[in-house]
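Heads up: the structure comes next, in structure tokens.
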Amino acid sequence: MSWHVLGAGSLGTLWATRLARVGLPVRLILRDRQRLTAFAQAGGLTLVEQGQVQRHAIGAELADAETPIQRLLLACKAYDAEAAILEVLPRLQPDAEILLLQNGLGSQDAVARHLPTQRCLFLSSTEGAFRQADFQVVFAGAGHTWLGDPQDASPPACLADLQAADIPHQWSPDILGRLWRKLALNCALNPLTVLHDCRNGGLHEHADEVAGLCQELSELLQQCGQAAAAEQLHEEVLRVIDATAANYSSMHQDVTQGRRTEISYLLGYACTAARQQDLHLPRLEALLQRLRAHLAKRGLPLD
Ligand code: NAP
């Protein structure tokens, strides 16, 4: 069965190249004709892994091509996901599998609303990759990907291909819990690293702020039916600060490089969920206002 990978960015390239190199049929879906021309000039996708550079000649097309799509990896940012799925909607087979790689929460439901018969798989990944040049990606951090379907606990057929392609993964019966936990860790760390302009380790100097946020995030998780994801949140946040002390968070990198953040699907999503539950979380709400003001000052989108 063919794979379509929409988005030849960091994770899209990482997935497409690993699937293609074990002989699985893969086609990329690129944004527009200009990107298609640039891709043809680049001669394919290049993956740099442990210093080894390998180029893969993979076929590419636009969203309005005519072949049906049976298995789609949606590898764009959360804020592009709904618009991207609408572009390929007429091509999706009624029983297609759609793998959603987006970080945070909110974009998965926005996509799934348009897909009454197809199966949406939610992914949460700790793998790390970045774009070194156009269509050239560095596999920077080994990790793991969890997949799950909040509507259906039976494992999907595509897992066999992930196995064949050596993509470390696990079928997760509680993918929402996992996504909520990751979102809470992100909310406790990333915005503060932006506001204090520091590496993760710098948050040791703001221990009270971190502790206060963890307390509110735990309340939110419990209120949203995610009690397991709330357990020992503060302890894990402190462990992450230590383990990644020398790193800049992804949100810090986005802001310093002038890129749009995924704020609406992370801290913004948490604050909206709290309001929907009539939960008053003043620290989280103030953090969102401060972060938005910071983005506005830098001319970056507030959503
Ligand atoms: P990225 O490098 O920015 O790649 C996104 C790609 O999607 C871009 O190439 C973009 O095209 C393409 N795209 C957007 N809309 C499109 C459309 N309508 N049609 C075709 N292509 C479209 O992003 P990423 O780092 O791979 O991140 C993807 C998701 O994974 C995010 O939610 C991120 O938080 C999450 N994630 C990333 C990592 C990581 O290490 N990178 C790790 C864990 C989770 P253009 O190139 O034309 O703009």
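Indexing begins at 1, ligand by ligand and atom by atom, following the structure's order. What you are looking at is a predicted structure, and each value in this text was computed from that prediction instead of being measured.
Defined by atom type and a distance below 3.5 Å, a donor-acceptor pair is present between the side-chain atoms of Glu209 and His196. Defined by atom type and a distance below 3.5 Å, a donor-acceptor pair is missing between the side-chain atoms of Gln232 and Glu236.
Ring orientation note: the planes of Trp146 and His144 are tilted relative to one another, at an angle of 30° to 60°.
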Assess whether side-chain hydrogen bond (donor to acceptor under 3.5 Å, both in side chains) is satisfied between Thr67 and Arg91, documenting all intermediate values.
-> CA-CA 7 Å; Thr67 44; Arg91 299 173 58 192; 3.1 Å; yes
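Taking Leu288 as the reference, Ile263, Leu267, Cys271, Arg275, Glu285, Arg292 meet the side-chain contact (heavy atoms from CB on, under 4.5 Å) condition, with sequence neighbours excluded.
Looking only at side-chain heavy atoms (C-beta outward), Val48 and Phe130 stay at 4.5 Å or farther from each other.
A heavy-atom cutoff of 4.0 Å around ligand 1 is satisfied by the protein residues Leu6, Gly7, Ala8, Gly9, Ser10, Leu11, Ile29, Leu30, Arg31, Arg35, Ala75, Cys76, Lys77, Ala78, Asp80, Ala84, Glu87, Leu101, Gln102, Asn103, Ser125, Glu127, Gly128, Ala129, Arg131, Glu262.
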